[in-house]
Protein chains: 4
Amino acid sequence: MPRAVREQQMLDAAVRTFGQRGYRAASMDEIADLAGVSKPLVYLYLNSKEDLFTACIRREAQALTAAVRAGAHPGLPADRQLWEGLRAFFTHTAQNPDGWAVLHLQARTHGEPFAAEVRTMRAEIVAFVTQLILVAAREAHRDPSPAEREVAGLAEALVGAAESLAAWANATPGVSAKQAAATMMNFAWAGLGNLMEGRSWAAPKS
Amino acid sequence: MPRAVREQQMLDAAVRTFGQRGYRAASMDEIADLAGVSKPLVYLYLNSKEDLFTACIRREAQALTAAVRAGAHPGLPADRQLWEGLRAFFTHTAQNPDGWAVLHLQARTHGEPFAAEVRTMRAEIVAFVTQLILVAAREAHRDPSPAEREVAGLAEALVGAAESLAAWANATPGVSAKQAAATMMNFAWAGLGNLMEGRSWAAPKS
Amino acid sequence: MPRAVREQQMLDAAVRTFGQRGYRAASMDEIADLAGVSKPLVYLYLNSKEDLFTACIRREAQALTAAVRAGAHPGLPADRQLWEGLRAFFTHTAQNPDGWAVLHLQARTHGEPFAAEVRTMRAEIVAFVTQLILVAAREAHRDPSPAEREVAGLAEALVGAAESLAAWANATPGVSAKQAAATMMNFAWAGLGNLMEGRSWAAPKS
Amino acid sequence: MPRAVREQQMLDAAVRTFGQRGYRAASMDEIADLAGVSKPLVYLYLNSKEDLFTACIRREAQALTAAVRAGAHPGLPADRQLWEGLRAFFTHTAQNPDGWAVLHLQARTHGEPFAAEVRTMRAEIVAFVTQLILVAAREAHRDPSPAEREVAGLAEALVGAAESLAAWANATPGVSAKQAAATMMNFAWAGLGNLMEGRSWAAPKS
DNA sequence: GATGAATGAGCTTTCATTCAT
DNA sequence: TATGAATGAAAGCTCATTCAT
């Protein structure tokens, strides 16, 4: 059996095991068994548990960002792009729960080589959202364009809200990807709209 | 040294170790060392690694919800309550990064006895926010009051956004708890305001 | 509470725990708890686990040999003495199962300081039986008296058979001490009787 | 080195260690050392200390019963079968003192998973002896055949006596298996002979 | 006379990793 | 390309034992 195929089988088994058991609790034995190969072969192809986990994170991160970008076509208006991106995100996470668990839970929880990997992916998504917000600001002829830090914070909040809703949608029966995306839009777009118009909530002086 | 004091020392050490290393990677040896006691004493007082971790989660969850509730005084108008609750939340998480890591990352990542513990706490906070939204709807004389599922989704999104911002604020130098709270309010309040007035973003057909 | 009384309570607890759990599996914690005292007191009175176990063995050995000797009055004819000794033996072991477990199982199984203690007791009983056999030989005017080694072997066999029957009687409902003793007499006395008369089973050559 | 061979080496080491130290006092470290392998290999092949001990018991029980049955050929008259069985028994126990210690002392002393294993083997031997006694009764044209419970008790006593003599023969220099068997026959056969003829020792009315 | 507080040492078990083939 | 055989290192947990009071 060709190496590339075997490797994908191993990564499949690893994502499933890491996603369900966690990085430390997953054993190379179990992964090799699930992949239907012997342990030395896993080491031959993927070097070490650390490298294997990193490979899982990379593959799943790639798949997720690809899905989101594929949803949001550059030509559309900003709100439509956001809407499509969110739908793609919720759909992908619902269909790849183990991959999502690896990215959202496991990779961030197990320290440095891995957290960085996820930060990179997350930064990419946050950058995508940020740019969307700036496009929207331009579309609304907002002048001057909003402060960078403010936009960064909003993008973070938006992504965090989406992540949280993904978990909620997965756990709550009867909530579809589309509904989750609609909730996100309702929640976020108005707040962003206010930003466009330069209004903001007035913090009390306390 | 009296038992109660020692127990708190142990919990301090455990929260720090679990927060930084994760549940599996943290060793009882390291925790005992950090607490300045021998391992058997940790077992004598706290029974097992599992029980110790659970005790950490409970203590930190209690502290966090107490802080949030102490911030939001029931007499105030809803937006003010939300604002104060958010400030308390960001302040607490900034001051207890290890405790926050235990609750937000570790406890959710390491399976069933622990995840349930955090779900309980999170449900409490989500319920608190939900009720705040409903109060706001009443204050705005919204009629009929919004659908339960819709409110639940928004509360989830709001809490998720706040969790995400907490991590961002901790990691980004120069972002204060107050600023994080302001970002949250800007992000969320207008969206909620739209909800109050019955408006919503129109999802495209497809 | 006077020391002597406390000590007996501790020995009671220890015999029970050692008898049921075994020497290694019994923990000083459990013994102290069962005795209703704190662990340091057990050490103050009985020094160490080894000494405590030895004290248990001695007390139970003493009680058992005393019971057997009390049954067999020196004045009676030899068969009657044997009969009474056996009855006393089966009665005592049935009434003190934990003590009997300590002597018969635990003490012999856990190596040298302890096995010697039981060998001493057993030697005493074997000597008693041996002497009984010799008395019987004299009563039967057997001349010359039987070889020492032969008698020793028979006594060993008799004691072993009795020990085995004790376990069987304890485990089989409806078998009384008296019935066990009768079985022993039927089994043993005739064999001994043959010995008295100088007859023996002819081993085939080969 | 092939697995089957290694496993036997491990069992050899384990029988020796368990026989001399006892189940609890024997450490897996010592067993692995004595077998000339590392500890993980012992676990890989034999699972756990409990399983290892059980495997020892089973192997030794099998070997002992096989030896006894191989000695007593079904065609012979009952007394001759008994004689040969006893010789085989004493020979085997003398040649495998550690295995005999495992069966006779350790397995019975350390509680339930193990004691049952030995009870099974012992029941098999007692059944064999019982059947021998019944055959003898038939050979002697005894009518009616003796009561079941009586025979069971006698078989228990006989086996117990043999077990005890085995220990004695092992501990007393200069006592051969043949001599031990002769002592047993002298002790037991006459008693059984009385049984055959319906005679019994008359218990005093107390 | 009695105990709460504390520990050094040791145990069973698991796991990532590597040879030799 | 693929694996059966093997291990160093470490982790969770328990226990007999001792102070200080």
Side-chain angles (χ1 to χ4, degrees), chain A residues 1-3 5-6 23-32 36-53, chain B residues 1-7 23-32 35-53, chain C residues 1-3 5-7 23-32 35-53, chain D residues 1-7 23-32 35-53:
Chain A
M1 181 165 309
R3 170 161 181 161
V5 176
R6 273 268 199 259
Y23 175 60
R24 299 283 300 220
S27 84
M28 296 298 272
D29 265 297
E30 187 178 358
I31 292 170
V37 297
S38 71
K39 241 187 318 176
L41 200 60
V42 179
Y43 278 88
L44 189 62
Y45 283 2
L46 286 143
N47 252 339
S48 70
K49 195 185 188 184
E50 210 174 304
D51 286 5
L52 174 56
F53 193 39
Chain B
M1 183 166 306
R3 171 166 180 159
V5 176
R6 274 273 195 256
E7 270 188 19
Y23 175 60
R24 299 283 298 225
S27 86
M28 295 299 272
D29 264 298
E30 187 179 357
I31 292 171
V37 297
S38 68
K39 228 183 338 173
L41 201 60
V42 179
Y43 279 91
L44 190 61
Y45 285 177
L46 287 143
N47 254 342
S48 71
K49 197 184 189 183
E50 206 171 310
D51 284 7
L52 174 56
F53 193 38
Chain C
M1 184 167 305
R3 171 162 181 158
V5 176
R6 274 269 199 260
E7 268 189 24
Y23 176 60
R24 298 283 301 220
S27 84
M28 295 298 271
D29 265 297
E30 188 177 358
I31 293 171
V37 297
S38 70
K39 241 188 317 178
L41 199 60
V42 179
Y43 278 88
L44 189 63
Y45 283 2
L46 286 143
N47 252 341
S48 70
K49 195 184 189 184
E50 210 173 305
D51 285 5
L52 174 56
F53 193 39
Chain D
M1 181 166 308
R3 171 165 180 157
V5 177
R6 274 274 194 254
E7 269 188 21
Y23 176 60
R24 298 283 298 225
S27 86
M28 295 298 273
D29 264 299
E30 188 177 358
I31 293 170
V37 297
S38 68
K39 234 184 329 174
L41 201 60
V42 180
Y43 278 90
L44 190 61
Y45 286 178
L46 287 143
N47 252 342
S48 69
K49 196 182 190 185
E50 205 171 310
D51 284 6
L52 174 56
F53 193 38

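Every chain is numbered from 1, with letters handed out A, B, ... down the list of sequences. None of the values given here were measured: they were computed from a predicted structure.
- C/N47 meets the side-chain contact (heavy atoms from CB on, under 4.5 Å) test with C/D51; sequence neighbours excluded.
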Let's go through A/M28 and A/Y43 carefully: what are the C-alpha distance in whole Å and the side-chain angles of both, what is the deciding distance for side-chain contact (heavy atoms from CB on, under 4.5 Å) to 0.1 Å, and is it a yes or a no? CA-CA 9 Å; A/M28 296 298 272; A/Y43 278 88; 3.5 Å; yes
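- Of the residues near DNA chain E, C/L41 and B/L41, the one whose nearest nucleotide (by heavy atom distance) lies more toward the 5' end is C/L41.
- Atom pair B/F53:CZ and F/dG12:P shows a separation of 13 Å (rounding to whole Å applied).
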So if I define the base as every atom that isn't primed, P, OP1 or OP2, how would nucleotides 14-21 of chain F read as a B/S/- string at a heavy-atom cutoff under 4.0 Å? BBSBBB--
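- You'll find that the side chain of A/R6 is closest to F/dA2, out of F/dA6, E/dA6, F/dA2.
- Summarising the geometry, atom CD belonging to A/E50 is positioned 5.0 Å from atom OH belonging to A/Y23; distances are rounded to the nearest 0.5 Å.
- Residues D/S38 and D/A32 share a closest heavy-atom pair of C-CB, 4.0 Å.
- If you take CD of D/E7 and C1' of F/dA5, they are 13 Å apart, rounded to a whole angstrom.
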For DNA chain E, what dot-bracket results from Watson-Crick or G-U pairs at under 3.5 Å, with [ ] for crossers and | for inter-strand partners? .||||||||||||||||||||
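- The nearest whole Å value for the distance from the CG atom in C/L44 to the C1' atom in E/dG4 is 16 Å.
- Taking all atoms of both residues into account, the shortest heavy-atom contact from B/R3 to B/L44 is NH2-O, 4.2 Å.
- Across all their heavy atoms, B/K49 and B/R24 have their closest contact at NZ-O, 3.4 Å.
- The separation between D/L46 atom CG and F/dA5 atom P is 14 Å, rounded to whole Å.
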